[in-house]
Amino acid sequence: LESDPSARLSIVIPAYNEAKRLPATLNRLHEYLTCQAYDYEIVVVSNGSTDDTVAVVVEAQVEVPGLRLIVLTERGKGLAARTGALQNEGGIVFICDADLSMPPENIQRFLDALKFADLVVGSREAPGATRYSEPWQRHVMGRVFNRLVQLLAVPGIEDTQCGFKAFRRAVARDLFGQQSVTGWGFDVELLFLARKYGYVVHELGIDWHYDADSRVRPVHDTLSMFVEIVKIRLRDAVGGYHNKSEAAPAGERSVR
Ligand SMILES: Nc1nc2c(ncn2[C@@H]2O[C@H](COP(=O)(O)OP(=O)(O)OP(=O)(O)O)[C@@H](O)[C@H]2O)c(=O)[nH]1
Ligand SMILES: [Mg+2]
């Protein structure tokens, strides 16, 4: 990244009612990123927020250069992520949860892994991952959930839902450009498509700090996510996905 002056890191933060958590997240990111050699921007995408999320971002724009805000009306983390991933100037797109449950120092590891992978997905299960202060019941629930997701859509991916994922620009354009679901199932769709098109996916074990505050409605969101996964499989079965991209998967690139 340092060797290419046109390369910029675009951090996309989907934010739903994050007025409380965002200020600290934006400050920590800003502190970390201003010390890096590369250029960056932070794109917060709020949709349907009913708290002061928008005002908090506008206020932070005074202190944080390169902070942009996109406001949508319809809800859905997938919709927010897609919008941010397609509307940015970055050579690398990094999706980042508003709670910043991963220390920003981990970002460099994603950038390093992108030298050989097309997309790097943060994982709480891959080698090198550490979970801090997560209740064991929650961990178990997550594992059961993941087994089902693997069975239905993406065998072998041990953590589809982690909120930290990095993409080379062309890969982001391709995958998010075809994303059809707008809720929590969007990660599964991106990974399903990445597999289908032969992109090199790297699961990167991260330091992850459990945050009890959550935007997830356990029953409602789990069910609607499985509905989304069924939609993905049906769409694929009727030939609804077309790879129009010019991005050659890393596995097929002759020169790295
Ligand atoms: N823009 C937008 N963001 C959303 C929506 N729903 C959730 N998010 C964002 O999705 C991210 C993840 O939400 P969290 O509350 O951290 O989820 P969690 O329960 O902690 O899940 P884990 O961090 O994976 O344990 C946050 O940045 C939320 O603001 C939505 O409808 N719109
Ligand atoms: Mg979280």
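Counting from 1, the numbers follow the sequence of the chain as shown. Here the structure is a predicted model, which is why all the values come from computation and not from measurement. When a ligand or atom number is given, it counts from 1 through the structure's own listing order.
Residue contacts with ligand 1 leave out Gly48, since none of its heavy atoms falls under 4.0 Å from the ligand.
Of the N or O atoms in Ala80, none lie within a sub-3.5 Å distance of an N or O in ligand 1. The N/O atoms of Asn47, backbone and side chain alike, include one that comes under 3.5 Å of an N/O atom in ligand 1. When only interatomic distances are considered, the shortest N/O to N/O separation between Val45 and ligand 1 falls below 3.5 Å. For ligand 1, the polar-atom distance check against Asp99 finds a nitrogen or oxygen pair separated by under 3.5 Å. For Trp208, no nitrogen or oxygen atom sits less than 3.5 Å from a nitrogen or oxygen atom of ligand 1, counting backbone and side chain alike. Note: an N/O pair closer than 3.5 Å links Gly76 and ligand 1 by distance alone. Close N/O approach between Ile13 and ligand 1 is not found [any backbone or side-chain N/O within under 3.5 Å].
For the 3.5 Å distance criterion, the side chains of Thr53 and Glu18 fail to qualify, holding no donor opposite an acceptor. With 3.5 Å as the limit, one finds no donor-acceptor pair spanning the side chains of Gln179 and Tyr241. In the model, Tyr210 has no side-chain atom that pairs as donor or acceptor with a side-chain atom of Arg131 under 3.5 Å. Side-chain contact check for Ser180 and Glu189: at least one donor-acceptor pair (N or O, by modelled atom type) lies under 3.5 Å.
In this structure, atom 7 (C) of ligand 1 lies nearest to the protein heavy atom Trp184 CH2, 3.3 Å. In terms of protein heavy-atom proximity, atom 22 (P) of ligand 1 is closest to Arg124 NH1, 3.8 Å. Protein heavy atom in closest approach to atom 19 (O) of ligand 1: Ser214 OG, 2.4 Å. When only non-hydrogen protein atoms are considered, atom 29 (O) of ligand 1 lies nearest to Glu18 OE2, 2.5 Å. Nearest protein heavy-atom neighbour of atom 11 (C) of ligand 1: Asp97 OD1, 3.2 Å. The nearest heavy-atom contact from the protein to atom 15 (O) of ligand 1 is Arg215 N, 2.6 Å. Among protein heavy atoms, the minimum distance from atom 9 (C) of ligand 1 is reached at Pro14 O, 3.5 Å. The protein non-hydrogen atom at the shortest distance from atom 17 (O) of ligand 1 is Val216 CG2, 3.8 Å.
Between Met225 and Val188 the shortest side-chain heavy-atom distance falls below 4.5 Å. When side chains are defined from C-beta on, Ile13 does not count as touching Val43, because their heavy atoms never get closer than 4.5 Å.
Taking the ring centroids of Tyr40 and Phe94, they lie at or beyond the 6.0 Å cut-off.
Residue Ala98 approaches ligand 1 through these ligand atoms, each under 4.0 Å from one of its heavy atoms: 26 (C), 27 (O). Of all atoms in ligand 1, listed by their number and element, those nearer than 4.0 Å to a heavy atom of Arg138 are 25 (O). In the vicinity of Arg21, heavy-atom distances shorter than 4.0 Å reach the ligand 1 atoms 14 (P), 15 (O), 16 (O).
Heavy atoms of Lys77 found under 4.0 angstrom from ligand 1 belong to the backbone as well as the side chain. Looking at Asn17 against ligand 1, nothing comes within 4.0 Å, counting heavy atoms.
Stacking of Arg82 on the aromatic ring of Phe186 is not recorded, the 6.0 Å distance cut-off and the 45° axial limit not both being met.
Salt bridge status for Arg143 with Glu125: present, with a side-chain N to carboxylate O gap under 4.0 Å.
Restricting Asp99 to its N, O or S atoms, the one at the least distance from the Mg ion (ligand 2) is OD2.
Across Phe164, Tyr210, Tyr16, heavy-atom proximity to atom 5 (C) of ligand 1 is greatest for Tyr16.
Lys77 NZ to Asn47 CG: the interatomic distance, rounded to the nearest 0.5 Å, is 11.5 Å. A distance of 10.0 Å separates CZ in Phe167 from CZ in Phe110, rounded to the nearest 0.5 Å.
Put simply, the side chain of Arg68 never gets that close to the backbone of Gln61: no donor and acceptor are under 3.5 Å apart.
Closest approach of Asp159 to Asn146, counting heavy atoms only: N-ND2, 3.7 Å.
Taking the six-membered ring for Trp and thresholds of 30 and 60 degrees, Tyr132 and His209 have nearly parallel ring planes, at less than 30 degrees apart.
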